[in-house]
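Notes follow the structure.
In what follows, every chain begins at residue 1, and chains take the letters A, B, ... in the order their sequences are listed. Hydrogens, waters and symmetry mates are skipped; everything else that's a heavy atom, side chains included, is used.
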Number of protein chains: 2
Amino acid sequence: MQGKIAVKDFTNARGYPIGEMSRRTGVNIETIRYYERIGIMPEPDRTAGGNRQYDHDQLKRLSFVRRSRELGFSLEEIRALLEMVDRDDFTCGEVHALTTGHLASVRQRIATLRKLEKALAGMAAECSKGDVPDCPIVDMLFDAP
Amino acid sequence: MQGKIAVKDFTNARGYPIGEMSRRTGVNIETIRYYERIGIMPEPDRTAGGNRQYDHDQLKRLSFVRRSRELGFSLEEIRALLEMVDRDDFTCGEVHALTTGHLASVRQRIATLRKLEKALAGMAAECSKGDVPDCPIVDMLFDAP
DNA sequence: CTTGCATCTGTAGTCACTACAGATCGTAGC
DNA sequence: GCTACGATCTGTAGTGACTACAGATGCAAG
């Protein structure tokens with residue numbers, strides 16, 4: 001049925017090497033090893049020579065971590081989520097609580113940045129931008145109350 | 001004219017010790033020493049015994065740093081601002097450019113966080129919050145494309 | 001068997017602090 | 001002058017979430 005295959009096919013074989021994990025998830029190789037060191041990812045199998053070999057579950061786990069990071073969850077939050085999942089007795093309510101807690105902190109950060117934005121925009125607007133050495137921005141930074 | 005004074009008065013005397021600098025600017029003592037180490041603050045005078053003694057200019061400089069940090073400027077940006085000021089030939093235009101550059105990065109961060117906020121709020125809304133072990137949030141994190 | 005890329009370990013750097021430990025300074029009260 | 005006691009000193013290490021090496025192997029194609 002199948003002749004020689006041109007590209008490598010890891011799907012049913014001896015597992016993915018770390019570079020393939022990186023390519024599939026977009027997580028840097030160094031970062032994958034870092035996740036292992038801090039216990040976010042488990043220690044994978046090794047080849048006879050000592051190279052890491054991951055299975056499909058580990059690929060899914062790493063994708064989970066990646067997506068959670070993209071949503072701004074801290075590694076500690078992700079660790080908590082994974083512990084729930086690993087325990088296999090988490091409830092939807094627990095996950096919801098963690099998510100809304102994180103959502104609140106995101107909203108808080110937005111509020112802080114919006115204040116900054118206003119202050120900076122106000123300062124920039126007062127500035128003549130000219131070739132002169134007298135600058136209201138510098139004055140405000142030095143002499144504000 | 002003046003008798004004994006009850007509280008310490010550093011305003012015209014031998015300079016402020018580091019604790020007084022900290023109290024007046026709100027910058028942590030360890031942080032002040034850190035700023036000195038990385039060259040944001042100059043090396044101050046010392047007492048005979050070796051304790052730091054700051055003058056009024058240094059107090060103003062530290063306030064400048066503090067306010068700039070509050071506006072979200074990085075220490076590298078602040079270093080650039082201070083170098084301009086120290087050179088004493090900066091122009092308003094230069095300062096304006098640095099400020100608007102920073103403003104752009106603040107706006108970028110706000111945009112990123114708003115996307116996160118939307119995604120998180122959407123996920124949280126779909127969640128039943130119940131006592132059940134089947135959670136759409138976890139499913140999305142595991143199985144999203 | 002060689003070439004050459006992939007992967008290995010271990011360590012140090014990033015940013016902006018913060019937190020010690022253990023020693024010394026400075027000053028108020030006696 | 002002596003003693004307490006808080007303030008300050010130096011130097012190092014920790015934080016979070018990676019990233020960047022150096023120098024040594026592994027692995028697969030030709």
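- Side-chain contact between I29(A) and M21(A) is absent, with no heavy-atom pair separated by less than 4.5 Å.
- Between the CD1 atom of I78(B) and the C1' atom of dA16(C) there is a distance of 10 Å, rounded to whole Å.
- Rounded to whole Å, the distance from CD on E43(A) to C1' on dT9(C) is 14 Å.
- Residues V95(B) and L98(B) have side chains not in contact (no heavy-atom distance under 4.5 Å, counting atoms from C-beta outward).
- One distance of note links CZ of R33(A) with CD of E30(A); it measures 5.5 Å at 0.5 Å rounding.
- Here the OH atom belonging to Y16(A) is positioned 5.0 Å from the CZ atom belonging to R24(A), to the nearest 0.5 angstrom.
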Could you run down the sub-3.5 Å N/O contacts of the protein with nucleotides 14-17 of chain D?
| residue | atom | partner | partner atom | Å |
| --- | --- | --- | --- | --- |
| dA17(D) | OP2 | L75(A) | N | 3.4 |
| dA17(D) | O3' | R69(A) | NH2 | 3.4 |
| dA17(D) | N7 | Y34(A) | OH | 3.4 |

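- If A48(A) and E30(A) are placed on DNA chain D by their nearest nucleotide, the residue sitting closer to the 5' end is E30(A).
- Two residues are said to be in side-chain contact when any heavy atoms from C-beta on lie closer than 4.5 Å; I110(B) and L116(A) fail this criterion.
- Contact check for V27(B) versus Y35(B): side-chain heavy atoms found under the 4.5 Å cut-off.
- For I29(B), taking side-chain heavy atoms from C-beta onward, the closest of the listed nucleotides dA20(D), dT8(D), dT9(C) is dT8(D).
- Look at CD on E36(B): it is 18 Å from P on dA16(C), rounded to the nearest Å.
- Summarising the geometry, the separation between CZ on R37(B) and P on dA13(D) is reported as 13 Å, rounded to the nearest angstrom.
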Salt bridge (Lys or Arg N to Asp or Glu O under 4.0 Å) assessment of K115(A) paired with E70(B): CA-CA 10 Å; K115(A) 273 188 211 154; E70(B) 276 170 2; over 6 Å; no

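- The CZ atom of R52(A) sits 13 Å away from the C1' atom of dT25(D) (whole-angstrom rounding).
- Within the structure, every side-chain polar atom (N or O) of T31(B) is placed at least 4.0 Å from both OP1 and OP2 of dA16(C).
- Residue R66(B) places none of its side-chain N or O atoms closer than 4.0 Å to OP1 or OP2 of dC17(C).
- Following rounding to the nearest Å, R33(A) (CZ) and dA22(D) (C1') show an atom-to-atom distance of 13 Å.
- The nearest whole Å value for the distance from the CZ atom in R79(B) to the P atom in dT14(C) is 12 Å.
- Q53(A) places its CD atom 14 Å from the C1' atom of dA28(D), with the value rounded to the nearest Å.
- Between the NZ atom in K60(A) and the CZ atom in F64(A) there is a gap of 11.0 Å [rounded to 0.5 Å].
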Every protein N/O within reach of nucleotides 3-7 of chain D N/O, cut-off under 3.5 Å:
none

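- For the ring-ring contact (aromatic ring centres under 6.0 Å, His included) condition, the pairs that include at least one residue of residues 74-119 of chain A, sequence neighbours left out, are F73(A)-H102(A).
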